[in-house]
There are 2 protein chains.
Amino acid sequence: MAHTSTEHEVLAVVFQVRQVQQAANKRKASLHVLLWQRALEPEKEKWSLPGGRLESDEDLTSSVRRQLAEKVDLRELAHLEQLAVFSEPARVPGPRTIASTFLGLVPSPATPELPPDTRWHPVSTLPPMAFDHAPMVEHARTRLVAKLSYTNIGFALAPSEFALSTLRDIYSSALGHPVDATNLQRVLERRHVITRTGTTARSGRSGGRPAALYRFTDSRYRVTDEFAALRPPG
Amino acid sequence: MAHTSTEHEVLAVVFQVRQVQQAANKRKASLHVLLWQRALEPEKEKWSLPGGRLESDEDLTSSVRRQLAEKVDLRELAHLEQLAVFSEPARVPGPRTIASTFLGLVPSPATPELPPDTRWHPVSTLPPMAFDHAPMVEHARTRLVAKLSYTNIGFALAPSEFALSTLRDIYSSALGHPVDATNLQRVLERRHVITRTGTTARSGRSGGRPAALYRFTDSRYRVTDEFAALRPPG
DNA sequence: GCAAAAGTGTTATGATTACACCCATGA
DNA sequence: TCATGGGTGTAATCATAACACTTTTGC
């Protein structure tokens with residue numbers, strides 16, 4: 001029987017909604033993924049998901065946490081969840097390696113320090129990706145979009161306190177379509193996903209009514225409404 | 001570094017909706033899962049999911065198919081899909097073993113021949129289960145329920161042609177709550193998930209209008225409505 | 001006062017559940 | 001003709017999207 005060694009690796013798709021300088025004084029939020037650029041063959045110069053080999057005394061989740069902590073400062077990781085397994089025998093050169101992918105989320109204002117080979121990339125314009133890492137990002141994004149509808153997973157992308165317009169930008173970037181702040185508020189309040197703090201933000205340089213601040217009621221992953229759906233407009 | 005060998009196994013949660021003799025002449029459909037009883041330690045006498053060790057030249061899906069074919073005659077498997085990975089280091093005794101679980105579905109009328117140690121069990125009353133196999137069944141059931149709402153996955157549980165009342169029984173058993181045949185028809189027809197064959201069944205011994213026959217439009221897994229939901233009554 | 005941003009109220013839409021009523025068949 | 005199961009039509013419910021309008025601030 002052909003039972004030679006099989007390696008097992010974990011790979012994390014870590015997302016964050018980040019502000020991007022558009023024009024002179026226009027900033028726009030968009031969903032980014034954390035990638036590092038390979039310095040060596042194989043797939044030199046291409047971009048990879050963070051992760052690495054699973055050790056024998058750790059489960060998958062511990063392994064991802066360890067590897068993310070090694071490569072990047074990701075103590076700010078607010079959510080980590082197992083996704084699919086990629087098991088095609090020839091998916092990477094060398095010994096046969098099975099990959100378990102994870103979805104990781106970093107809250108919006110956090111700016112963890114990154115090693116020089118590591119960078120945030122907008123998911124809408126991915127650089128050349130190593131191996132089968134591109135479909136992994138795609139898959140993770142699909143799961144994130146689905147879960148934003150029926151869970152409180154937004155807590156892991158948002159600041160601890162936020163105005164509704166901020167939350168709208170986060171949801172809209174992650175979902176990939178415009179979101180109405182008004183309706184978002186009512187949907188999330190009805191489900192007790194967000195709560196008013198009672199305080200308000202100060203209004204910006206150009207005036208405007210000060211925004212009420214909210215926080216997520218739970219900062220632990222929870223299914224809030226099994227059948228909910230945030231639909232795109234139109 | 002503690003990189004001793006790590007085994008990898010695949011385990012399949014195979015479901016089928018089966019008729020069960022209730023009272024004298026009452027039959028009731030309910031969701032069953034395929035299990036085999038362990039003859040040896042560890043966990044002797046307890047019931048296990050079918051599966052086994054992953055070989056180095058196969059991907060996970062091929063491995064499940066092979067192992068199911070070895071243990072039980074499951075050429076009738078209409079759907080097979082990867083679920084979660086269970087990776088706790090001590091989840092089974094002996095060498096560290098990671099388990100990838102699969103969801104398998106067998107259409108309703110099929111009655112594949114089973115080895116003597118293997119049997120269908122109602123998911124509502126599981127026997128004593130080996131290792132961590134009970135939560136695996138639970139997880140698979142949750143996924144099945146979710147997917148019945150927004151995909152055409154019912155095709156893998158239903159006969160090739162069926163009356164709507166039959167389909168209602170299948171959905172209702174799998175979902176775990178009553179389903180209205182009338183509404184099921186309209187929901188699935190609107191999405192073009194099922195199609196009328198044009199033929200009708202003969203009415204039963206106690207009369208009744210002959211039922212129109214339907215079939216699933218596609219017999220390949222497909223997401224039919226991203227945002228759909230079959231809700232329980234009440 | 002005016003522009004800008006936030007928040008409220010209300011309506012429209014669409015999918016799904018609920019249910020009363022009509023239809024076709026066998027004994 | 002009656003019981004039995006099948007099918008149609010229609011109303012009720014509910015969640016969400018859409019949008020006009022009011023409120024509060026800075027300049």
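Computed over heavy atoms, backbone and side chain alike; hydrogens, waters and symmetry mates excluded. Note on naming: letters A, B, ... go to the chains in the order of the sequence lines (proteins, then strands), and numbering restarts at 1 for each one.
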>> Using 0.5 Å steps for rounding, measure from the OG atom of A/S48 to the CG atom of A/L11.
In response: 8.0 Å
> Looking at CD of A/E9 and CD1 of A/I98, how far apart are the two atoms once the value is rounded to the nearest 0.5 Å?
Replying inline: 10.0 Å
> Does anything in residues 176-195 of chain A pair up under ring pair (Phe, Tyr, Trp, His ring centres under 6.0 Å), and if so which pairs, sequence neighbours excluded?
Replying inline: none
When you measure from every atom of DNA chain C, which of [range] have a heavy atom less than 4.0 Å away?
{"range": "residues 226-234 of chain A", "result": "none"}
{"range": "residues 180-198 of chain A", "result": "A/T182, A/Q185, A/R186"}
{"range": "residues 141-178 of chain A", "result": "A/S165"}

For nucleotides 23-27 of chain D, list the nitrogen or oxygen atoms of the protein found under 3.5 Å from its nitrogen or oxygen atoms, one pair per line.
from, atom 1, to, atom 2, distance (Å)
D/dT23, O2, A/R209, NH1, 3.2
D/dT24, O2, A/R209, N, 3.2
D/dT25, O3', A/S203, OG, 3.4
D/dT25, O2, A/G208, N, 2.9
D/dC27, OP1, A/R205, O, 3.4

> Among pairs that include at least one residue of residues 140-154 of chain A, which meet side-chain hydrogen bond (donor to acceptor under 3.5 Å, both in side chains), considering only residues two or more places apart or in two chains?
Replying inline: A/E81-A/K147, A/R143-A/Y150, A/K147-A/Y221
>> Quick test of your reading: applying side-chain hydrogen bond (donor to acceptor under 3.5 Å, both in side chains), list the pairs with at least one residue in residues 123-134 of chain A, sequence neighbours left out, ordered by first then second residue.
In response: A/R91-A/D132
> Would you say the side-chain atoms of A/Q16 pair up with the backbone N or O of A/S108, donor to acceptor, closer than 3.5 Å?
Replying inline: yes
>> Under the salt bridge (Lys or Arg N to Asp or Glu O under 4.0 Å) definition, can you give me all pairs with a residue in residues 206-226 of chain B, not counting sequence neighbours?
In response: B/R191-B/D225, B/D218-B/R222
Report the residues that fulfil side-chain contact (heavy atoms from CB on, under 4.5 Å) with [X], sequence neighbours left out, ordered by chain and then residue number.
{"X": "A/T217", "value": "A/T195"}
{"X": "B/A84", "value": "A/Q82, B/F86, B/T101, B/H139"}
{"X": "A/S62", "value": "A/E58, A/D59"}

> A/F131 and A/K46: side chain to side chain contact (heavy atoms under 4.5 Å, CB included), yes or no, with the steps?
Replying inline: CA-CA 9 Å; A/F131 312 121; A/K46 292 199 179 170; over 6 Å; no
List, one per line, each side-chain donor-acceptor pair under 3.5 Å for residues 154-173 of chain B, sequence neighbours excluded.
from, atom 1, to, atom 2, distance (Å)
B/S173, OG, B/A29, O, 3.2
B/S173, OG, B/D169, O, 2.7

